[in-house]
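Step one of this worksheet: look at the structure below.
Atoms considered below: every heavy atom in the structure, side chains included; atoms not considered: hydrogens, waters and symmetry mates. Note that this is a predicted model, so its numbers are computed, not measured. Chain A is the first sequence line, chain B the second, and so forth, proteins listed ahead of strands; every chain is numbered from 1.
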There are 2 protein chains.
Amino acid sequence: MVRRTSFDGDSCPIARSLEALGDWWSLLIIREALFGVRRFGEFQSKLGMAKNILAARLRSLVEHGILATAPASDGSAYQEYVLTPKGRGTFPVLVALRQWSEEFDDHPDEIATILVDRAKGRPVKKLELRAEDGRLLSPADTTLKPRPAPRRRAAG
Amino acid sequence: MVRRTSFDGDSCPIARSLEALGDWWSLLIIREALFGVRRFGEFQSKLGMAKNILAARLRSLVEHGILATAPASDGSAYQEYVLTPKGRGTFPVLVALRQWSEEFDDHPDEIATILVDRAKGRPVKKLELRAEDGRLLSPADTTLKPRPAPRRRAAG
DNA sequence: TTGTGTGGTTGCATCATAAAACCATTTGTC
DNA sequence: GACAAATGGTTTTATGATGCAACCACACAA
């Protein structure tokens, strides 16, 4: 089987998330959806991607429960693609990617936009990982534990 | 040119980050590196991936400044791949992906591990996006503004 | 009813990925 | 130092994914 490796059965949650989000277009489609894009043609023109692979990605995202199809809100017979709660739940992933570019990109001057708090118009804070008691955690301050209850596999 | 679309010149920081991280293996390699993996063979056996594409990915990650090669720490003549600060900076991305799976995966019982605070052994808090003044922000509470100073392009 | 825009699917060429075989260098063993 | 084995790759070949263009069905407007 030469098939492009699937992480579907993997026990690592990062691998599992990449199964749904880990290709070149899915996160960008979700980004547009978070901005309110809903129609096929709108995705296609904003992202400048081929229609066949857009169709394939939308189908995949619907299958993964990230998007759902709905009758068009404007009364036409066409359908729309709207984010599910699972889809909106990717927001921190997108923010983390954005902030990583803002901090480490070699040409930050080429970045066009900044994410701001709508109410105040001020840049948002950096995402921080904290312990239950509020302490700031670096990678070295964390570790993995096997999940309490049922079966598990390799690790990760 | 049929080339697999590059987002290198894109002005959206999410697209730019995907240029370096957006394939199937890079984030998993970084995940292993954060756990202390440094040697080619160790990556290969832990990830179970083909050696040729591991070599290609490592090369790409080094080119992007995410990994750096260094002489082996054990005195042997082999080299090691170690994370740069830019590489360690992807930690929030990995945490966000992990937490997304933990919250939305269809089979959460198949997830083997939980991320805990090393000091207390307790699960970490969810990543939260906050405004400068500490208010919790949902996607709808945010918006994009053009970057203050120099030139910009499409938007994103 | 004719025309146009929307939302796709189908073919075809090209690229990336995967598995296995192969190879050079380093290391351990005698 | 000679030899075998481990390490760290590259090359070869097969197949799947991607990208472009052409095509097509349906909705909608005149």
Side-chain angles (χ1 to χ4, degrees), chain A residues 1-10 15 18-29 32-33 36-64 67-82, chain B residues 1-10 15 18-29 32-33 36-64 67-82:
Chain A
M1 187 169 60
V2 185
R3 168 162 172 47
R4 180 176 184 169
T5 315
S6 164
F7 304 123
D8 231 347
D10 199 300
L18 292 177
E19 181 68 25
L21 307 173
D23 72 281
W24 288 79
W25 290 112
S26 294
L27 282 168
L28 295 177
I29 292 171
E32 296 300 328
V37 171
R38 291 160 164 251
R39 296 283 280 259
F40 185 97
E42 217 178 345
F43 284 110
Q44 205 260 319
S45 64
K46 294 227 177 192
L47 290 170
M49 65 193 292
K51 301 204 293 180
N52 55 346
I53 83 157
L54 174 58
R57 287 289 160 276
L58 289 173
R59 205 177 309 132
S60 162
L61 289 169
V62 168
E63 280 167 11
H64 280 96
L67 293 175
T69 54
S73 50
D74 61 0
S76 82
Y78 297 121
Q79 68 174 354
E80 294 183 343
Y81 297 91
V82 296
Chain B
M1 187 170 58
V2 184
R3 170 163 169 47
R4 180 175 185 171
T5 316
S6 165
F7 304 123
D8 231 348
D10 199 300
L18 291 177
E19 182 69 23
L21 307 173
D23 72 282
W24 287 80
W25 289 111
S26 293
L27 282 168
L28 295 177
I29 292 171
E32 296 301 328
V37 171
R38 291 160 165 252
R39 296 283 281 258
F40 186 96
E42 216 178 346
F43 284 110
Q44 205 260 320
S45 63
K46 294 227 178 192
L47 290 170
M49 64 192 294
K51 302 203 295 181
N52 54 347
I53 84 158
L54 174 58
R57 286 290 160 275
L58 288 173
R59 206 178 308 131
S60 163
L61 289 168
V62 168
E63 279 168 11
H64 280 96
L67 292 175
T69 54
S73 50
D74 61 0
S76 83
Y78 296 121
Q79 68 176 353
E80 294 183 343
Y81 297 90
V82 296

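- Residues meeting the side chain to side chain contact (heavy atoms under 4.5 Å, CB included) test with A:Ser26, sequence neighbours left out: A:Asp23, A:Arg57, A:Leu61.
- OP1 or OP2 of C:dT27 has at least one side-chain nitrogen or oxygen of B:Ser76 nearer than 4.0 Å.
- Judged as a side chain to side chain donor-acceptor pair (under 3.5 Å), and not counting sequence neighbours, the contacts of A:Tyr81 are A:Gln79.
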_Annotated protein contacts, base or backbone, on nucleotides 4-10 of chain D with a non-hydrogen cut-off under 4.0 Å, one of B, S, - each_ = ---BBBB

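- Whole-Å rounding puts the A:Ile29 CD1 to D:dT18 P distance at 11 Å.
- For the OP1/OP2 pair of C:dA18 and a distance below 4.0 Å, the side-chain nitrogens and oxygens of B:Trp25 include at least one atom meeting the criterion.
- Going from atom CG of B:Asp23 over to atom P of D:dT18 covers 12 Å, rounded to whole Å.
- Nearest heavy-atom pair across A:Pro71 and A:Glu80 is O-OE1, 4.3 Å.
- If you measure from atom CZ of A:Arg57 to atom P of C:dT9, you get 13 Å, rounded to the nearest angstrom.
- When all heavy atoms of A:Leu67 and A:Ala33 are compared, the pair lying nearest together is CD2-CB, 4.4 Å.
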Validation: residues 39-52 of chain A side-chain donor-acceptor distances under 3.5 Å, sequence neighbours left out:
from: A:Gln44; atom 1: NE2; to: A:Met49; atom 2: O; distance (Å): 2.9
from: A:Ser45; atom 1: OG; to: A:Gly41; atom 2: O; distance (Å): 3.2
from: A:Ser45; atom 1: OG; to: A:Glu42; atom 2: O; distance (Å): 3.3

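- The CE atom of A:Met49 sits 9 Å away from the P atom of D:dT18 (whole-angstrom rounding).
- Note: CG (A:Leu28) to P (D:dG19) measures 12 Å, nearest angstrom.
- Across the protein-nucleic acid pair, A:Glu80 atom CD and C:dG7 atom P stand 9 Å apart, rounded to whole Å.
- In this structure, B:Gln44 atom CD and C:dA19 atom P are separated by 10 Å, rounded to whole Å.
- When side chains are defined from C-beta on, A:Leu54 counts as touching A:Ile29, because their heavy atoms get closer than 4.5 Å.
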